[in-house]
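Bear in mind the structure is a predicted one, so any value in this text is a computation, not a measurement.
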Amino acid sequence: MSQPSAFVSIGFSPLDRVLGGLRRGELTLIYGAPGVGKTALTLQTSICAARLGNTILFVDTDSNLSIERLMQMAGEDKDKILPLIFIAKPSSFHNLTLLLENIGSYAVSYTHLR
């Protein structure tokens, strides 16, 4: 049996060629000006990772995530992959801080579920 790659595809070939994907098991922060496609890029990457059977914790800090858009992007695979994508919407900076301080416990919990 082959080992999984250390990287997960972003789902956009030019970026995958440049970056090699996103490193598996690491927290990735995507930031930039409003309206440049951060949420779409993150959704696409999350979908690619879920298609490989990975569990994703999507932290929506500005409430821009549209579940309808996620379902649309997932296409025919939505019933298979949406249960693998967990969404956290911290309501304050304090809640975000608590989430990030305890991110390791989420990873351990998801690992034990598999």
Side-chain angles (χ1 to χ4, degrees):
M1 181 161 38
S2 66
Q3 277 193 301
S5 169
F7 294 89
V8 174
S9 171
I10 293 170
F12 183 61
S13 299
L15 277 179
D16 280 333
R17 278 195 303 277
V18 172
L19 300 175
L22 299 180
R23 186 169 287 281
R24 184 182 304 275
E26 291 187 359
L27 179 66
T28 301
L29 174 66
I30 298 177
Y31 64 95
V36 296
K38 299 176 300 291
T39 301
L41 175 67
T42 307
L43 289 176
Q44 182 63 39
T45 304
S46 298
I47 290 166
C48 285
R51 282 188 175 126
L52 295 173
N54 295 290
T55 303
I56 292 86
L57 175 61
F58 189 106
V59 182
D60 183 15
T61 59
D62 56 5
S63 297
N64 270 346
L65 177 64
S66 164
I67 300 301
E68 291 79 21
R69 180 68 178 133
L70 175 60
M71 290 173 47
Q72 180 186 39
M73 291 174 73
E76 294 176 8
D77 294 339
K78 68 182 172 200
D79 292 334
K80 175 183 163 194
I81 64 173
L82 292 181
L84 297 173
I85 301 175
F86 293 85
I87 300 166
K89 291 188 175 210
S91 58
S92 68
F93 185 73
H94 175 72
N95 288 345
L96 175 61
T97 301
L98 291 174
L99 175 75
L100 295 177
E101 285 176 349
N102 295 293
I103 198 94
S105 65
Y106 292 100
V108 170
S109 296
Y110 295 147
T111 301
H112 290 300
L113 289 174
R114 308 186 116 257

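Here the straight-line distance linking atom CG of L19 with atom CZ of F12 works out to 11.0 Å at 0.5 Å rounding. The distance from the CD1 atom of I87 to the CZ atom of F58 is 7.0 Å, given to the nearest 0.5 Å.
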Between side-chain atoms of residues 29-47 and protein atoms elsewhere (two or more places apart, or another chain), which donor-acceptor pairs fall under 3.5 Å?
{"from": "K38", "atom 1": "NZ", "to": "G32", "atom 2": "O", "distance (Å)": "3.2"}
{"from": "K38", "atom 1": "NZ", "to": "A33", "atom 2": "O", "distance (Å)": "2.8"}
{"from": "T42", "atom 1": "OG1", "to": "K38", "atom 2": "O", "distance (Å)": "2.7"}
{"from": "T45", "atom 1": "OG1", "to": "I10", "atom 2": "O", "distance (Å)": "3.2"}
{"from": "T45", "atom 1": "OG1", "to": "L41", "atom 2": "O", "distance (Å)": "2.9"}
{"from": "S46", "atom 1": "OG", "to": "T42", "atom 2": "O", "distance (Å)": "2.8"}

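Among residues two or more places apart in sequence or in another chain, the side-chain contact (heavy atoms from CB on, under 4.5 Å) test is passed with K78 by M71, A74, L82.
Remark: side-chain polar atoms of N95 are not paired, donor with acceptor, to backbone N or O of P90 under 3.5 angstrom.
When all heavy atoms are compared, the tightest approach of G21 to D16 is CA-OD1, 3.6 Å. Nearest heavy-atom pair, A50 versus I56, reported as atom, atom and distance to 0.1 Å: N-CD1, 3.6 Å. For C48 against S9, the heavy-atom pair with the smallest separation is CB-O, 3.6 Å.
Pairs passing the salt bridge (charged side-chain N to carboxylate O under 4.0 Å, His left out) check and including a residue from residues 49-77, sequence neighbours excluded, read R51-D77, D60-K89.
Proximity of L22 to F7: side-chain heavy atoms (C-beta onward) are nowhere separated by under 4.5 Å.
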